[in-house]
A.B. asks: 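Right, I'll just put the structure down here and ask away after.
Not measured: the values here are computed from a predicted model. One-based numbering, in listed order, for ligands and for the atoms of each.
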Amino acid sequence: METGGEHMADRVEIFEVGPRDGLQNEKRMIATETKVALVDLLSGAGFRRIECASFVSPKWVPQMADSGDVLDRIARAPGVSYAALTPNMKGLERALAAGADEVAVFGAASEGFSRANINASVDEGLARFVPVCEAAREAGVPVRGYVSCVVECPFDGAVAPKDVARVVAALRDMGCYEVSLGDTIGRGTPEAVDAMLAVVLDEMAANRLAGHFHDTSGRALENVGVAIERGLRVFDAAVGGLGGCPYAPGAAGNVATEAVHDFVTAQGFETGLDAAILAEAGRLARSMRAA
Ligand code: HMG
Ligand code: MG
């Protein structure tokens with residue numbers, strides 16, 4: 001489509017994960033209505049997908065125990081997919097009952113993190129996801145895949161690109177429509193991210209991959225830049241740069257949605273997002289963080 005003789009700018013989509021990845025790590029319990037207010041604000045910002053629920057064990061991640069209530073109470077905006085994490089069949093059943101529009105299974109490229117995060121080896125985790133993907137397909141619910149520790153693991157150290165590619169291929173084969181590549185501890189260098197992508201792209205096309213960068217070392221935007229060079233156009237981010245992972249010691253928050261928006265907009269991409277609403281959501285998100 002052309003307007004006024006100009007080509008439409010290329011798009012970069014930001015997949016908002018703040019209400020899930022941003023908040024799951026908060027020690028202080030956040031009221032359901034506050035989470036709902038954040039999601040409702042984000043719903044008007046122009047996102048196509050917002051991850052706002054996680055149907056994991058409430059003993060493991062107490063902050064997400066009210067995910068069903070969050071999905072129940074938000075004002076669903078037309079055209080927005082409200083996403084939820086589902087580590088196993090029990091999680092999928094809860095997500096379907098709560099009306100999640102899409103779900104996500106989450107594996108890892110390293111054994112140490114897989115064990116700490118889902119109490120299973122990498123392959124045991126993948127085996128658990130197969131029936132989740134089958135049941136989701138039967139229910140007509142799309143499944144996204146995550147791979148954690150795509151460059152470095154807090155327990156095992158550097159991760160080989162071929163180990164990431166193997167998990168990406170498994171998630172592809174079980175039907176994940178997109179796979180998000182997580183620098184879980186946010187210590188990836190652009191060189192390491194680029195080397196990882198070079199190998200992973202043999203298994204899955206760039207238009208079915210997403211970048212998920214935490215920002216511990218302050219290099220997440222550079223990593224977004226490297227991934228854009230490799231053809232990726234979807235990036236996970238959290239308003240206000242909230243977050244961390246309870247099972248990744250020392251991991252900082254996700255790269256901030258506002259920062260990714262500014263970074264890609266300066267490169268001529270369109271995000272479809274409203275910067276004023278993002279700023280407001282960022283303020284609300286930061287106010288939710290424990291003082
Ligand atoms: P387990 O203890 O091995 O599981 O945990 P189990 O199957 O033996 O069940 C133990 C108990 O949990 C049972 O209850 C189950 O019913 C219950 P009990 O009989 O003791 O009363 N249970 C559940 N309850 C509610 N919903 C469920 C569920 N499943 C079991 N879905 C499990 C295994 C996977 C459940 C656990 O390890 C877990 O919940 N892990 C989640 C950890 C997590 O949420 N991590 C953060 C998200 S991942 C992330 O942030 C990374 C990402 O952002 C990408 C990146 O940055 O890299 C995505
Ligand atoms: Mg994460």
A.B. asks: Looking at Pro142, is its backbone amide N or carbonyl O close enough to the side chain of Arg137 to form a donor-acceptor pair, meaning the two atoms are under 3.5 Å apart?
C.D. replies: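 Absent.
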
A.B. asks: Is ligand 1 under 4.0 Å from a heavy atom in the side chain of Val56, in the backbone, in both, or in neither?
C.D. replies: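 Val56 to ligand 1: contacts from backbone and side chain alike.
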
A.B. asks: Check ligand 1 against Val61 and write out every atom of the ligand that is under 4.0 Å from a heavy-atom position of the residue.
C.D. replies: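 So the atoms of ligand 1 that pass are 43 (C), 44 (O).
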
A.B. asks: Can you find an N or O of Asn119 that's nearer than 3.5 Å to an N or O of ligand 1?
C.D. replies: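 Indeed, backbone or side chain, Asn119 has an N or O that close.
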
A.B. asks: Given that the side chain starts at C-beta and the backbone is N, CA, C, O, which of these parts of Arg20 lies under 4.0 Å from ligand 1, counting heavy atoms, or is it both or neither?
C.D. replies: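 The answer is the side chain.
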
A.B. asks: Is it the case that the side chain of Ser114 and the backbone of Ala120 share a donor-acceptor pair, with hydrogens and angles ignored and the cut-off at 3.5 Å?
C.D. replies: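 At least one qualifying donor-acceptor pair exists.
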
A.B. asks: Only heavy atoms of His214, strictly under 4.0 Å: list the atoms of ligand 1 that pass.
C.D. replies: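 Near His214, meaning under 4.0 Å from one of its heavy atoms, ligand 1 has 56 (O).
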
A.B. asks: Going by distance only, is there an N or O of Asn117 that falls short of 3.5 Å from an N or O of ligand 1?
C.D. replies: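 Asn117 vs ligand 1: N/O contact under 3.5 Å present.
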
A.B. asks: Would you mind finding which of Asn25, Val17, Asn88 brings a heavy atom closest to atom 35 (C) of ligand 1?
C.D. replies: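 Heavy atom nearest to atom 35 (C) of ligand 1 belongs to Asn88.
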
A.B. asks: Is there side-chain contact between Val179 and Arg208, with at least one heavy-atom pair below 4.5 Å?
C.D. replies: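 Side chain of Val179 against side chain of Arg208, heavy atoms only: no contact under 4.5 Å found.
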
A.B. asks: Considering Gly186, Ala104, Pro87 one by one, which has a heavy atom nearer to atom 34 (C) of ligand 1 than any of the others?
C.D. replies: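 Closest candidate by heavy-atom distance is Pro87.
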
A.B. asks: Is the distance from the Mg ion (ligand 2) to the nearest N/O/S atom of Asp21 under 2.8 Å?
C.D. replies: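 Of the N, O and S atoms in Asp21, at least one lies under 2.8 Å from the Mg ion (ligand 2), which means yes.
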
A.B. asks: Is there a donor-acceptor pair under 3.5 Å between the side chain of Glu16 and the backbone N or O of Val239?
C.D. replies: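 Answer holds: yes.
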
A.B. asks: What part of Phe55, side chain from CB on, backbone N/CA/C/O, both or neither, has a heavy atom under 4.0 Å from ligand 1?
C.D. replies: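 It is the backbone that touches ligand 1; the side chain stays farther off.
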
A.B. asks: Got a donor-acceptor contact below 3.5 angstrom from the Gln63 side chain to the Ile30 backbone?
C.D. replies: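 Flag set: sc Gln63 to bb Ile30 pair under 3.5 Å.
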
A.B. asks: Where does Leu85 meet ligand 1, judged by heavy-atom distances below 4.0 Å: at the side chain, the backbone, both, or neither?
C.D. replies: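 It is the side chain that touches ligand 1; the backbone stays farther off.
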
A.B. asks: Do the ring planes of Tyr247 and Trp60 sit parallel (below 30°), tilted (30 to 60°) or perpendicular (above 60°)?
C.D. replies: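 The arrangement is tilted - the two ring planes meet at 30° to 60°.
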
A.B. asks: Closer than 3.5 angstrom, by distance alone: can the side chain of Gln267 be matched with the main-chain N or O of Phe269 as a donor-acceptor pair?
C.D. replies: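 Absent.
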
A.B. asks: Would you call Arg219 and Asp183 a salt bridge, using N to O less than 4.0 angstrom?
C.D. replies: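 Not counted as a salt bridge, because no side-chain N and carboxylate O are separated by less than 4.0 Å.
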
A.B. asks: Between ligand 1 and Asp183, is the shortest N or O to N or O distance under 3.5 Å?
C.D. replies: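 N/O-N/O distance under 3.5 Å: no.
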
A.B. asks: Please give me the minimum heavy-atom distance between Arg233 and Asp10, naming the atom from each residue.
C.D. replies: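 Shortest heavy-atom separation between Arg233 and Asp10 comes out as NH2-OD2, 4.5 Å.
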
A.B. asks: Are any of the N/O atoms on Gly182, whether in the backbone or the side chain, positioned under 3.5 angstrom from an N/O atom of ligand 1?
C.D. replies: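 Min N/O separation from ligand 1 is not below 3.5 Å for Gly182.
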
A.B. asks: Taking 4.0 angstrom as the limit and counting only heavy atoms of Asp21, give me the atoms of ligand 1 inside it, by number and element.
C.D. replies: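 Numbered from 1, ligand 1 contributes 50 (O), 53 (O).
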
A.B. asks: Which part of Thr184 is near ligand 1, with near meaning a heavy atom under 4.0 Å away: side chain, backbone, both or neither?
C.D. replies: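 Both the backbone and the side chain of Thr184 come within reach of ligand 1.
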
A.B. asks: So does Lys35 pair up with Glu26, basic N to acidic O under 4.0 Å?
C.D. replies: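 Not counted as a salt bridge, because no side-chain N and carboxylate O are separated by less than 4.0 Å.
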
A.B. asks: What atoms in ligand 1 come closer than 4.0 Å to a heavy atom of Ile118?
C.D. replies: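 Heavy-atom distances to Ile118 below 4.0 Å select 33 (C), 34 (C), 37 (O).
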
A.B. asks: Heavy-atom contacts under 4.0 Å between Met64 and ligand 1: side chain, backbone, both, or neither?
C.D. replies: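 Neither; nothing of Met64 gets under 4.0 Å from ligand 1.
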
A.B. asks: Going by heavy-atom distance to atom 26 (N) of ligand 1, choose the closest among Arg94, Lys59, Gln24.
C.D. replies: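 Answer by nearest heavy atom: Arg94.
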
A.B. asks: Looking at Asp236 and Arg144, what are the two nearest heavy atoms and their distance?
C.D. replies: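 Closest pair (atom of Asp236, atom of Arg144, distance): OD1-NH2, 2.8 Å.
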
A.B. asks: Give the atom numbers and elements of ligand 1 that come within less than 4.0 Å of a heavy atom of Pro58.
C.D. replies: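 Counting from 1, the qualifying ligand atoms are 24 (N), 25 (C).
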
A.B. asks: Please find the pair of heavy atoms, one from Ala77 and one from Tyr82, that lie closest to each other, and give the distance.
C.D. replies: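 In this case the closest contact between Ala77 and Tyr82 is N-OH, 3.0 Å.
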
A.B. asks: Need the ligand 1 atom indices (1-based, order shown) with element for anything under 4.0 Å from a heavy-atom of Gly91.
C.D. replies: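 Counting atoms of ligand 1 from 1, those under 4.0 Å from Gly91 are 31 (N).
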
A.B. asks: Among Ser148, Gly125, Ala109, Ser57, which one puts a heavy atom closest to atom 51 (C) of ligand 1?
C.D. replies: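 Minimum heavy-atom distance to atom 51 (C) of ligand 1 goes to Ser148.
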
A.B. asks: Between Ala252 and Asp215, which heavy-atom pair has the shortest distance, and what is it?
C.D. replies: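 That closest heavy-atom pairing would be CB-C, 4.3 Å.
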
